[in-house]
Amino acid sequence: MRQGLGVLGVAVRTEKAVFAIAVLASGVYGGMTVASAWALGWATENAVLPAFEAGDITAGALWTAVLLIMGTALLKAIGVAGRRIFAGVVQYRMQARSRREVTKQYLRLPLAWHHRHPTGQLLSNASADAEAAWAPLAPLPMAVGVIVMLFTAAIGMLLTDPVLALVGFLIFPAIAVLNLVYQRRLSPLVTRAQQLRAEVSEIAHESFDGALVVKTLGREALETDRFRRRAHELRDANIAVGRVRGLFDPMLEALPTLGVLIVLAVGALRLTNGAINSGELVQVAYLFTLLAFPIRALGWVLAELPRSVVGWTRVQSVLDATGSMEYGAAEPDGVRPAGVEVEDVSYAYGDSEVLHGVSFDVAAGRTVALVGPTGSGKSTLTHLLVRLIDPGAGEIRLDGTGLRELAYGAVARAAALVPQQTFLFDDTVRGNVTLGLDVPDEEVWAALRLAQADGFVARLADGLATRVGERGTTLSGGQRQRIALARAIVRRPRLLILDDATSSVDPQVEAKILYGLRDRSAGARAERARNDANGARAGATMRTAESSTTIVVAYRMATIALADEVVFLERGRVEDRGTHEELLARCEGYRNLVTAYEREEAERAAIAADAEDLTEDEAEGVSA
């Protein structure tokens with residue numbers, strides 16, 4: 001109860017003005033509801049009974065009764081509308097605020113935190129949990145407002161007939177005890193149901209995200225069964241919640257009705273004895289029927305508190321999560337390609353260390369290939385270089401400044417990573433390349449040309465305006481990779497990192513891409529050298545990132561040979577570095593790795609050639 005009221009207090013403090021209007025409207029409704037009881041009693045005593053006794057009624061009494069009843073009804077309707085509208089405003093504003101805060105926190109938290117939390121759970125935190133946290137806000141203004149009704153009705157009953165009022169009030173302790181038992185039975189059931197909602201969301205997300213794997217391996221039945229089992233658990237949990245509510249709700253409804261019957265029984269005796277008149281009995285009985293509604297309104301709030309506390313706790317677990325990155329105030333040089341230094345860097349996923357004391361440097365404007373067998377830590381290193389994660393030990397510097405010392409967003413402005421797993425949005429080609437960046441189409445086409453993507457984009461039905469579908473499903477893997485590369489190039493990064501970003505591209509196209517990147521860097525270096533020789537600042541005669549320092553994770557020998565230098569990683573350590581030719585000559589592990597890939601390519605080419613020759617021989621035989 002304390003936790004739930006604390007959650008509601010957060011909303012009240014956040015939306016003071018709107019909540020106050022909702023409560024005021026609810027107070028008007030409560031006051032007019034009680035006033036309608038008084039109006040009904042007055043009409044009974046001064047219009048209805050005289051009409052029965054005398055067989056006639058005066059126009060003044062009739063119109064007074066009509067105006068009293070209609071006036072209170074109109075004000076009550078205004079109170080109902082105001083209460084519902086402004087209560088909804090408070091509820092939906094708080095839900096939207098929680099969703100925004102959770103989403104911002106997701107973006108602030110490092111990738112390492114996301115590795116420990118499944119996507120389905122994060123979706124549930126931002127949707128179902130944020131909704132559940134503020135569910136009691138809809139009935140809350142009504143519950144607060146009808147307290148006015150409760151006290152007004154109680155005072156009205158006491159003033160009308162204290163004996164009947166005290167008889168009716170005996171029912172309140174029973175209702176309080178019943179509500180307490182109700183909440184204690186309901187809370188753990190609601191907690192379990194809320195957790196199962198997140199688990200169902202997790203399974204659904206996995207199944208949808210891995211639809212290709214599920215279908216190609218024929219696992220539909222197993223995935224359906226896995227989802228069905230958890231969905232059935234959620235169904236059973238919700239049924240258990242409904243069963244408790246179904247048991248207690250009629251009891252909570254019945255107790256006030258029982259109180260009305262007791263009041264009528266005692267009131268009939270007092271009416272017979274002449275202690276009260278008929279109008280007073282009608283008024284007290286009607287007032288007591290009104291007390292059932294405030295009690296139910298409070299019950300609605302109390303019934304939602306367990307879900308609210310669970311949702312709030314789950315949302316707060318995200319908002320209170322530690323591990324967000326700290327930033328300094330430094331800004332890297334925005335003119336030349338970035339120089340990179342990696343010094344004694346280590347990183348571990350849990351207890352599994354994947355990088356051990358890695359050290360190397362990349363001179364500004366150079367192209368370096370990261371080469372190593374699977375599991376050697378290449379992708380982890382690329383994530384460290386753009387500060388998606390921070391190293392457990394050691395330091396990475398950009399232009400001599402540690403990444404932790406740079407201002408928020410500085411690394412993103414200076415560096416761009418093209419990952420192996422390409423993601424495209426359900427947007428146009430232009431939208432996927434620019435991602436909100438305000439650049440003219442000429443620059444978009446220039447980036448597409450450098451990424452060797454301009455040809456197929458020009459052939460699309462609407463060119464840059466062609467929608468690519470969810471995750472780029474209308475494009476091939478190589479086409480998606482080239483658009484992702486253009487996305488990075490159009491931002492003119494000073495440090496460009498390609499994490500096997502051309503693995504789905506034909507070798508000939510890949511070579512053209514890397515030649516283009518290297519030639520651009522070489523031309524820019526030559527121009528800077530001329531400018532420096534003439535005593536001019538490089539930034540005065542050329543745009544900032546016409547060239548980039550390039551780090552590429554590669555496997556193909558032809559690709560690796562284009563790099564100025566190669567860093568060979570093995571078992572999370574730098575085993576050797578140098579030019580491609582130097583490593584071929586002196587490093588056996590490197591030589592075995594790159595030549596193995598070339599041998600595989602040669603074998604595939606030979607098999608394809610044999611198949612082509614066999615087809616030609618068969619065709620000649622048929623012709624003969």
Show me the donor-acceptor pairs within less than 3.5 Å that the side chains of residues 565-573 make with the rest of the protein, sequence neighbours left out.
unit_1 : atom_1 : unit_2 : atom_2 : d
Glu565 : OE1    : Arg577 : NH2    : 2.9
Glu565 : OE2    : Arg577 : NE     : 3.0
Glu565 : OE2    : Arg577 : NH2    : 3.1

Counting C-beta onward and ignoring hydrogens, is there a side-chain heavy-atom pair between [X] and [Y] closer than 4.5 Å?
X	Y	value
Leu370	Val552	no
Leu498	Ile551	no
Val429	Val468	yes
Leu381	Tyr347	no
Thr380	Tyr349	yes
Arg97	Arg93	no
Leu385	Val342	yes
Arg404	Pro391	yes

Out of curiosity, [X] [atom1] to [Y] [atom2], how far, rounded to the nearest 0.5 Å?
X	Y	atom1	atom2	answer
Thr382	Asp499	OG1	CG	4.0 Å
Asp564	His580	CG	NE2	13.5 Å
Ile497	Ser379	CD1	OG	11.5 Å
Leu437	Arg492	CG	CZ	10.5 Å
Arg192	Leu234	CZ	CG	9.5 Å
Arg459	Thr466	CZ	OG1	12.0 Å

[X] to [Y] - nearest heavy-atom pair and separation:
X	Y	result
Val553	Lys378	CG1-CE, 3.6 Å
Ala133	Ser308	O-OG, 2.6 Å
Val10	Thr14	O-OG1, 2.7 Å
Thr473	Arg480	CA-NH1, 4.5 Å
Val318	Leu109	O-CD1, 4.4 Å
Ala465	Thr428	O-CG2, 3.3 Å

Checking the side chain of [X] only, and the main-chain atoms of [Y] only, is there a donor and an acceptor separated by less than 3.5 Å?
X	Y	result
Arg482	Gln452	yes
Gln95	Glu131	yes
Arg591	Leu584	yes
Ser98	Met94	yes
Glu582	Thr579	yes

Partners passing side chain to side chain contact (heavy atoms under 4.5 Å, CB included) against [X] (at least two apart in sequence or in another chain):
X	answer
Ser359	Asp344
Arg226	Ile203, Glu206, Ser207, Glu223, Arg229
Ser346	Glu353, Ala393

Apply side-chain contact (heavy atoms from CB on, under 4.5 Å) to Thr595 and Tyr590, showing your working.
CA-CA 8 Å; Thr595 56; Tyr590 175 79; over 6 Å; no
His383: what forms a ring-ring contact (aromatic ring centres under 6.0 Å, His included) with it, not counting sequence neighbours?
none
Applying ring-ring contact (aromatic ring centres under 6.0 Å, His included), name anything that partners Trp312, two or more places apart in sequence or on another chain.
Trp134
Walk me through it: do Val102 and Gln105 pass the test side-chain contact (heavy atoms from CB on, under 4.5 Å)?
CA-CA 5 Å; Val102 168; Gln105 179 73 338; 5.7 Å; no
Suppose we screen for salt bridge (charged side-chain N to carboxylate O under 4.0 Å, His left out). Which residues come up paired with [X], at least two apart in sequence or across chains?
X	value
Asp576	Arg586
Asp462	none
Glu101	none
Arg314	Asp129

ring-ring contact (aromatic ring centres under 6.0 Å, His included): which pairs involve residues 397-433, sequence neighbours left out?
Tyr327-Tyr408, Phe423-Phe425
Between Arg430 and Asp441, is there a salt bridge with N-O shorter than 4.0 Å?
yes
Test Arg397 against Asp361 for salt bridge (Lys or Arg N to Asp or Glu O under 4.0 Å), laying out the working first.
CA-CA 9 Å; Arg397 291 185 287 272; Asp361 61 89; over 6 Å; no
As a test of understanding, state which of Leu496, Ile489, Thr367, Leu495 forms a side-chain contact (heavy atoms from CB on, under 4.5 Å) with Ser548.
Leu496
Taking only residues two or more places apart in sequence or in another chain, which ones pass side-chain hydrogen bond (donor to acceptor under 3.5 Å, both in side chains) with Glu588?
none
Evaluation steps, side-chain contact (heavy atoms from CB on, under 4.5 Å), between Leu403 and Leu406
CA-CA 5 Å; Leu403 296 188; Leu406 295 175; 3.9 Å; yes
Audit row: Leu424, Arg487, side-chain contact (heavy atoms from CB on, under 4.5 Å) steps and yes/no:
CA-CA 10 Å; Leu424 297 185; Arg487 175 194 295 166; 3.1 Å; yes
